[in-house]
There are 2 protein chains.
Amino acid sequence: MNAIRWEGDALALLDQRRLPAEQSWLRLDTSQAVARAIQDMVVRGAPAIAITAAYGMALAIAEGRDRTEASTALLAARPTAVNLRWALERLAPLPDAEIEAEAVRIHTEDRAINEAIGRHGGPLLTGGVLHVCNTGALATGGHGTALGMVRSAHAAGRELRVYAVETRPYLQGARLTTVECLAEGIPCTLITDSMAAAAMAAGRIQAVIAGCDRVAANGDVANKIGTYSLAVLARHHGLPFYVAMPTSTLDRRCPTGADIPIEERPPRELTHLAGVPIAPAEVDVWNPAFDVTPAALITAWVTEHGLWQAPFSPLL
Amino acid sequence: MNAIRWEGDALALLDQRRLPAEQSWLRLDTSQAVARAIQDMVVRGAPAIAITAAYGMALAIAEGRDRTEASTALLAARPTAVNLRWALERLAPLPDAEIEAEAVRIHTEDRAINEAIGRHGGPLLTGGVLHVCNTGALATGGHGTALGMVRSAHAAGRELRVYAVETRPYLQGARLTTVECLAEGIPCTLITDSMAAAAMAAGRIQAVIAGCDRVAANGDVANKIGTYSLAVLARHHGLPFYVAMPTSTLDRRCPTGADIPIEERPPRELTHLAGVPIAPAEVDVWNPAFDVTPAALITAWVTEHGLWQAPFSPLL
């Protein structure tokens, strides 16, 4: 399963908004179209949007577009995930001629990083594994971060079942994670976000895992809205809570979670579903796309270099 | 706002499945049709289904149907809410000729009970009030239980804002509670269930309120799935958690929450929304309609007789 394909003169993206009903690909040949696709969530997942933005810069050069202007537009597409900035900063000092190759390298490396996270994190998992959002092949360059841990554990023969919370409002759990699990024969049960606590109380869950969009220097984690709730619930039920963290998601310049900008998305994501109204159009809506989980609620950060503990400073 | 209308020879129910898009009424003239409407959630909310079932018995008598058979069918329609049983048991000893009048009395009394709950509970509320499911006029004989507290507080001029969690999978919060608040000019913000913790951490919430479908003798509360999660989150954030409880919802024969039967509903409620597939049809689904909140997480039970504390036994 793959969601990003570089074609040399264009970027092909699997339109994740249409899954699972439809597998359709968009072909983007300008950096502007790439920025719009990130903003509209054609592609999502912190590592995947970093890769996408890197290819966006390769297109900007092919277009002869001003690099600073293109980079600024890509950076503004989504404010919370820091991987986007990380990729653009990695490209910034390179000459035009090297950008495409570096974008391909970012893409390839991401898969290797995920496999390392899976190697380190897989042995932590057994039994019921509660998973939020989608952190699999669709959210990354392949394999996945938190779901990569599951994939590695499953490949190693460990007995487990993913409890995928549907992850309102965008339903990444229902629409994407279930599809990835079914494709690989990983046992998977779909629940609503509101059922997580009941599943824990019923003894169905042995660990909670999540990806991350930005990790502050003190270990606080911004991730998909609902993650913080699961961390509090895990603590209440004495369950471990693991964050799968490629080190490119660590923002050393951000002291704490309070300093992470949290994207708020349009009300329509709550009032409509697939064009169908599910709430009165005139109701007030609060729609933060992410929340912050304090480091104190996190059992371990699973990086490509092994398990980390906060504070990270001695390790950096 | 009203969802149940007795017409002497038939029961008219507002079809709550079609709200907010459409206000359509179903006219039911057999007790069997009433049982089906309860099961299919045309009407929902523990007090409302008790009233509906009582009118179902009035129809059974008009049909000349066997009373025990009709009562058994109504009782089986939904297993968790105890008010249904309470209403049927209240009718059981009465002669045929008195059933209709007693059903009307149950309906009228319910409104008075809710107003008393509002009187006792309203003064507890100020600022942001997190509310799950729908416990308003649509869930009762009028006014509402937990939302009745809000209504009374608002009428008394208290400054508050309802944070309505959308309440997946059936979206009672998004579809019903928002509509009731808008109709009465009560400030209301819609959020997903997964945003409750973030709203608490942001200082937006001062109290959490819920209704109940069955309360065990020790004070454990079965209510709409997601309630338990909110109670854990409230405790973590040092917020009060109030349950609005008409005493007809107290099941003295049920020692603890573990003894309450929890209805599991069809997978399709998670895999489809308004007919649109939002998850692969073949995925495994766990869909409990209710969860149990232990008494220890509840600050007070707001009854028509005033605020109660568990254990209730000295008060019964």
Side-chain angles (χ1 to χ4, degrees), chain A residues 20-21 132 161 163-169 171 173-175 178-179 181-182 187-199 201-202 204 224-233 235-237 262 267 270-271 273-280 282-288 290-292, chain B residues 20-21 132 161 163-169 171 173-175 178-179 181-182 187-199 201-202 204 224-233 235-237 262 267 270-271 273-280 282-288 290-292:
Chain A
V132 57
R161 170 170 294 275
Y163 281 83
V165 297
E166 64 177 6
T167 317
R168 285 283 293 148
L171 295 166
R175 297 190 301 107
T178 56
V179 170
C181 288
L182 285 169
C188 176
T189 298
L190 174 64
I191 61 174
T192 63
D193 304 88
S194 59
M195 292 169 191
R204 288 171 175 252
K224 182 49 53 197
I225 187 71
T227 303
Y228 168 52
S229 177
L230 298 177
V232 172
L233 297 172
R235 175 61 50 94
H236 183 81
H237 292 88
I262 299 295
L270 267 77
T271 57
L273 201 144
V276 180
I278 55 173
E282 66 274 30
V283 75
D284 179 60
V285 167
W286 184 50
N287 183 15
F290 304 93
D291 59 24
V292 173
Chain B
V132 58
R161 170 171 294 275
Y163 280 83
V165 297
E166 64 175 6
T167 317
R168 286 282 294 149
L171 294 167
R175 296 191 301 108
T178 56
V179 170
C181 288
L182 285 169
C188 176
T189 298
L190 174 64
I191 61 173
T192 64
D193 305 88
S194 60
M195 291 169 192
R204 287 171 176 254
K224 180 51 54 196
I225 188 70
T227 303
Y228 168 52
S229 177
L230 298 177
V232 172
L233 296 173
R235 175 60 50 95
H236 183 81
H237 293 88
I262 300 295
L270 267 77
T271 57
L273 201 145
V276 180
I278 55 172
E282 66 273 30
V283 75
D284 180 61
V285 167
W286 185 50
N287 184 15
F290 304 93
D291 59 25
V292 173

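Reminder, nothing fancy here: chain letters follow the sequence lines and each chain counts from 1.
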Between OG1 on residue B:T192 and CD on residue A:E166, distance to nearest 0.5 Å: 9.5 Å
Which atom of A:Y228 lies closest to which atom of B:A201, heavy atoms considered: CE2-CB, 3.8 Å
Contact origin within B:L273 toward chain A - heavy atom pairs under 4.5 Å: side chain
Minimum heavy-atom distance between B:P280 and A:P20, given as atom pair plus value: N-CG, 3.9 Å
Interface residue of largest heavy-atom contact number with chain A, from B:I191, B:I225, B:T167, B:V285, under 4.5 Å: B:I225
Most chain B-contacting option - heavy-atom pairs closer than 4.5 Å, from A:P277, A:P187, A:A199: A:A199
Which portion of B:R161 sits near chain A, non-hydrogen atoms under 4.5 angstrom: side chain
Interface residue of largest heavy-atom contact number with chain A, from B:K224, B:H236, B:E282, under 4.5 Å: B:H236
Which atoms of B:A196 approach chain A - backbone, side chain, both or neither, heavy atom under 4.5 Å: neither
Heavy-atom pair count under 4.5 Å with chain A, highest-scoring of B:T271, B:I262, B:D291, B:V283: B:V283
Side-chain touch B:S229/A:L233, heavy atoms, less than 4.5 angstrom: yes
Side-chain heavy-atom pair B:M195, A:P169 within 4.5 angstrom cut-off: yes
Heavy-atom proximity to chain A below 4.5 Å, by part of B:L182: side chain
Contact class of B:L171 relative to chain A, heavy atoms under 4.5 angstrom: side chain
Heavy-atom pairs under 4.5 Å with chain A, option from B:G173, B:P288, B:A21 with the top count: B:P288
Interchain contact, B:D193 with chain A, by part (heavy-atom threshold 4.5 Å): side chain
Interchain contact, B:V276 with chain A, by part (heavy-atom threshold 4.5 Å): side chain
